Undergrad: 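Before we start, here is the structure in question, set down as structure tokens.
Everything numeric in this text was worked out from a predicted model, so none of it was measured.
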Amino acid sequence: MTDAPEVPGASGDHLTAEGIIEELVVEALEHGDGGDGGAPARKGGRAAKIVTAVGLVLGGAAVFFVVRRLIHDWPLVQPELEDAEYPWLAVAGVSAIAGMTSIGWGWRHVMRTLGAEPPLLRTIAWYYVGELGKYVPGGVWPVLGRGELARRGGIPRGRAFTSVALSLGMLYLAAMFTAAAFLPFAVAGEDGGFSPWMLVLLALPVGLVLLHHDVLDWLMAKASRATKRTIKVEVPQWRDSMILVARYIPTWLFIGTATYAVTRSITTDVSYPRMMFATILSWVVGFLAVPVPSGAGIRETVLYAASGVDKPIAITTAVGARVIFVIVDVAGAALCAPFVRRSQGAIVADGTEVEDLDSEVDAAE
């Protein structure tokens with residue numbers, strides 16, 4: 001066994017796409033060990049140089065898309081927000097912070113269910129920094145970002161990436177449950193009625209079935225056969241998964257309240273329950289629109305269709321709320337960045353340190 005693992009897919013000067021992509025995930029988020037005992041130093045060579053360069057481009061792209069979104073959005077909301085009630089905007093900001101942070105809190109509980117025991121503050125740091133990838137087109141980047149940061153922080157690789165995928169599914173199942181609870185308010189009253197976007201909630205029973213441990217085990221077996229590689233992942237029991245879904249419901253109450261507060265800052269003609277429904281539904285539709293960064297553009301359409309407020313108010317609300325959430329994401333990532341590169345042994349529930357199974361297999365090969 002060597003001290004430093006070889007670059008995957010690199011044998012001499014031979015490069016493979018699989019090796020470059022695997023290294024890109026690693027290097028794009030943390031370059032080298034920085035002398036702080038974090039990620040292990042990697043061998044040099046053409047593969048490492050390529051993935052380092054691409055990784056820097058990817059990191060820069062995330063910042064670029066965030067800045068571009070803020071520059072694009074601000075002129076759309078500035079005229080309306082000039083006369084806004086600032087106490088309500090403050091409520092929106094606090095609720096947005098609580099909502100985003102609670103996603104990291106829920107993710108930690110998912111990892112604990114899978115047998116890992118990460119510190120809460122470290123998990124929040126991994127969440128905020130890794131989640132910046134959602135602003136880059138393509139839905140895979142936040143999954144890769146959070147998963148790789150958790151792996152480098154001591155969570156075994158299989159549990160790290162599985163926890164991110166499960167947490168996203170549970171997060172949006174919780175969203176659909178919460179939206180369903182507010183659905184009667186969306187269809188009641190003079191302005192209420194059916195919107196085609198409400199059909200998205202039909203995905204709720206499908207999601208519940210997919211989260212069952214027998215179904216997940218079956219899917220893992222299919223994936224193992226398709227990739228010709230043994231994929232062994234601890235799948236939580238369905239009851240435990242439902243408890244984890246319930247932990248994310250406060251997240252959506254915070255997110256919905258933040259959006260309502262933006263609307264309330266510019267008009268009194270708004271229903272809290274209906275805006276809650278419209279907000280959560282717009283996030284679900286935006287999440288399903290994978291190629292669109294953060295569901296930009298789609299959330300405005302859904303919010304207008306389901307909220308019952310005038311179109312200018314709906315657009316200002318959607319864009320204004322997005323500006324607030326972007327600021328929270330960027331500020332959170334900036335504050336948390338110094339903490340994500342501190343490495344430690346693999347964190348398991350009993351407090352012992354174990355080697356990642358994948359690392360053992362790589363070393364044996």
Undergrad: Could you give me the CA-CA distance, side-chain angles and deciding distance for Glu148 and Phe161, then say whether side-chain contact (heavy atoms from CB on, under 4.5 Å) is met?
TA: CA-CA 7 Å; Glu148 181 58 26; Phe161 285 96; 3.8 Å; yes
Undergrad: Under 4.5 Å between side-chain heavy atoms, hopping through other hydrophobics if needed: is there a path connecting Met242 to Trp107?
TA: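 Yes, Met242 connects to Trp107 through the hydrophobic network.
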Undergrad: Using side chain to side chain donor-acceptor pair (under 3.5 Å) as the criterion, list what pairs up with Tyr128, not counting sequence neighbours.
TA: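 Scan of Tyr128 (side chain to side chain donor-acceptor pair (under 3.5 Å), adjacent residues dropped) gives Thr101.
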Undergrad: May I have the list of side-chain donor-acceptor pairs in residues 203-218 shorter than 3.5 Å, sequence neighbours left out?
TA:
residue, atom, partner, partner atom, Å
His212, ND1, Asp214, N, 3.1
His213, ND1, Trp238, N, 3.0
His213, NE2, Gln237, OE1, 3.4

Undergrad: Output all residues satisfying side-chain contact (heavy atoms from CB on, under 4.5 Å) with Leu202, sequence neighbours left out; order by chain, then residue number.
TA: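 Once residues adjacent in sequence are excluded, the partners of Leu202 under the side-chain contact (heavy atoms from CB on, under 4.5 Å) criterion are Leu199.
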Undergrad: What I'd like to find out is whether the side chain of Thr317 reaches to under 4.5 Å of the side chain of Val309, using heavy atoms alone.
TA: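 With C-beta onward as the side chain, the pair stays apart.
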Undergrad: In terms of hydrophobic clustering (I, L, V, M, F, W, Y; side-chain heavy atoms under 4.5 Å; direct or indirect links), are Val200 and Trp283 co-clustered?
TA: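 Yes, it is one cluster - the side chains of Val200 and Trp283 are joined through contacts under 4.5 Å.
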Undergrad: Membership question, hydrophobic clusters at under 4.5 Å side-chain separation (ILVMFWY): are Trp197 and Tyr304 in the same one?
TA: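 Shared cluster, no.
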Undergrad: Please list all pairs passing the salt bridge (Lys or Arg N to Asp or Glu O under 4.0 Å) test where one or both residues lie in residues 160-188, with sequence neighbours left out.
TA: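 Residue pairs with at least one partner in residues 160-188: there are none.
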Undergrad: With Thr162, which residues qualify under side chain to side chain donor-acceptor pair (under 3.5 Å), at least two apart?
TA: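 So Thr162 forms no side chain to side chain donor-acceptor pair (under 3.5 Å) with any residue.
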Undergrad: Looking at OG1 of Thr123 and CE of Met111, how far apart are the two atoms once the value is rounded to the nearest 0.5 Å?
TA: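 Going from OG1 on Thr123 over to CE on Met111, the span is 4.0 Å.
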Undergrad: What distance separates Arg112 CZ from Leu120 CG, expressed to the nearest 0.5 Å?
TA: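 So the gap between those two atoms works out to 9.5 Å.
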Undergrad: State yes or no: do Phe287 and Tyr127 share one hydrophobic cluster built from I, L, V, M, F, W and Y residues joined by side-chain heavy-atom distances below 4.5 Å, directly or via other members?
TA: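 As far as the 4.5 Å side-chain criterion goes, Tyr127 and Phe287 are connected within one cluster.
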Undergrad: What residues form a ring-ring contact (aromatic ring centres under 6.0 Å, His included) with Trp105, not counting sequence neighbours?
TA: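 By the ring-ring contact (aromatic ring centres under 6.0 Å, His included) rule, Trp105 matches His109.
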Undergrad: With sequence neighbours excluded, tell me which residues meet side chain to side chain donor-acceptor pair (under 3.5 Å) with Thr251.
TA: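 If we apply the side chain to side chain donor-acceptor pair (under 3.5 Å) test to Thr251, skipping adjacent residues, the hits are Ser102.
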Undergrad: Under 6.0 Å from the CZ atom of Phe325, do we count more than 12 heavy atoms belonging to anything else shown?
TA: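 Result for CZ/Phe325: enclosed.
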Undergrad: Which pair of heavy atoms, one from Ala96 and one from Val328, lies closest together, and at what distance?
TA: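 Here Ala96 and Val328 meet closest at CB-CG2, 3.9 Å.
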Undergrad: Could you pull out the closest heavy-atom pair between Ile324 and Ala92, with the gap in Å?
TA: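 Scanning both residues, the minimum pair turns out to be CD1-CB, 3.8 Å.
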Undergrad: If I take atom CE from residue Met275 and atom OG1 from residue Thr263, how far apart are they, to the nearest 0.5 angstrom?
TA: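 Answer for the CE-OG1 pair, Met275 versus Thr263, is 3.5 Å.
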Undergrad: Give the C-alpha distance, both sets of side-chain angles, the deciding distance and a yes or no for side-chain contact (heavy atoms from CB on, under 4.5 Å) between Tyr248 and Val110.
TA: CA-CA 11 Å; Tyr248 279 116; Val110 175; 4.2 Å; yes
Undergrad: Could you report the tightest heavy-atom contact between Gly153 and Trp126, atom names first, then the distance?
TA: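 Scanning both residues, the minimum pair turns out to be CA-CZ2, 3.6 Å.
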Undergrad: Measuring from Arg322:CZ to Ile327:CD1, what's the distance to the nearest 0.5 Å?
TA: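 It is 12.5 Å, given to the nearest 0.5 Å.
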Undergrad: Can I get a per-line list of side-chain donor-acceptor pairs under 3.5 Å for residues 164-187, giving both atom names and the distance, sequence neighbours left out?
TA:
residue, atom, partner, partner atom, Å
Ser167, OG, Ser163, O, 3.1
Ser167, OG, Val164, O, 2.8
Thr178, OG1, Ala174, O, 2.7

Undergrad: Given side chains that start at C-beta, do those of Ser95 and Ile255 come closer than 4.5 Å, heavy atoms only?
TA: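 When only atoms from C-beta onward are counted, Ile255 and Ser95 do not touch, as no gap falls below 4.5 Å.
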Undergrad: Just by modelled atom types, is the Ala306 backbone N or O under 3.5 Å from a matching donor or acceptor in the Arg274 side chain?
TA: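 Yes; at least one donor-acceptor contact below 3.5 Å.
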Undergrad: So which heavy atom on Ala84 is nearest to which on Leu89, and how close?
TA: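 Minimum heavy-atom separation between Ala84 and Leu89: CB-CD1, 4.1 Å.
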Undergrad: What do the steps show when you test Arg146 against Glu131 for side-chain contact (heavy atoms from CB on, under 4.5 Å), and what is the final call?
TA: CA-CA 7 Å; Arg146 278 207 271 160; Glu131 196 69 4; 3.2 Å; yes
Undergrad: By salt bridge (Lys or Arg N to Asp or Glu O under 4.0 Å), which residues pair with Arg264, not counting sequence neighbours?
TA: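 Once residues adjacent in sequence are excluded, the partners of Arg264 under the salt bridge (Lys or Arg N to Asp or Glu O under 4.0 Å) criterion are Glu85.
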Undergrad: Supply the atom-to-atom distance Tyr260 OH to Ser265 OG, rounded to the nearest 0.5 angstrom.
TA: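 Rounded to the nearest 0.5 Å, the OH-OG separation comes out at 10.5 Å.
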Undergrad: Can you establish whether the number of heavy atoms outside Ile243 located under 6.0 Å from its atom CD1 is more than 12?
TA: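 Yes, because the 6.0 Å sphere around CD1 of Ile243 holds more than 12 heavy atoms from other groups.
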Undergrad: Apply side-chain contact (heavy atoms from CB on, under 4.5 Å) to residues Trp88 and Val262 and explain how you reach the verdict.
TA: CA-CA 7 Å; Trp88 280 108; Val262 173; over 6 Å; no
Undergrad: Can you name the residues that form a side chain to side chain donor-acceptor pair (under 3.5 Å) with Thr257, not counting sequence neighbours?
TA: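 With neighbours one apart ignored, the set is Tyr272.
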Undergrad: Compare every heavy atom of Ala116 with every heavy atom of Ile155, then report the nearest pair and how far apart it is.
TA: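 Heavy atoms of Ile155 and Ala116 come nearest at CD1-CB, 3.8 Å.
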Undergrad: Pairs in or reaching into residues 93-110: which pass salt bridge (Lys or Arg N to Asp or Glu O under 4.0 Å), with residues at least two apart or in two chains?
TA: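 Sorted pair list: Arg108-Glu117.
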Undergrad: Nearest heavy-atom pair of Thr259 and Ala321: which atoms, and what distance?
TA: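 For Thr259 versus Ala321, the nearest heavy atoms are OG1-CB, 4.1 Å.
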Undergrad: Check for me, please, whether Phe254 and Val323 land in the same ILVMFWY cluster - side-chain distances under 4.5 Å, paths through other members count.
TA: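 No.
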Undergrad: Once salt bridge (Lys or Arg N to Asp or Glu O under 4.0 Å) is applied, what residue pairs with a partner in residues 166-177 remain, sequence neighbours excluded?
TA: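 Pairs touching residues 166-177 that pass the test: none.
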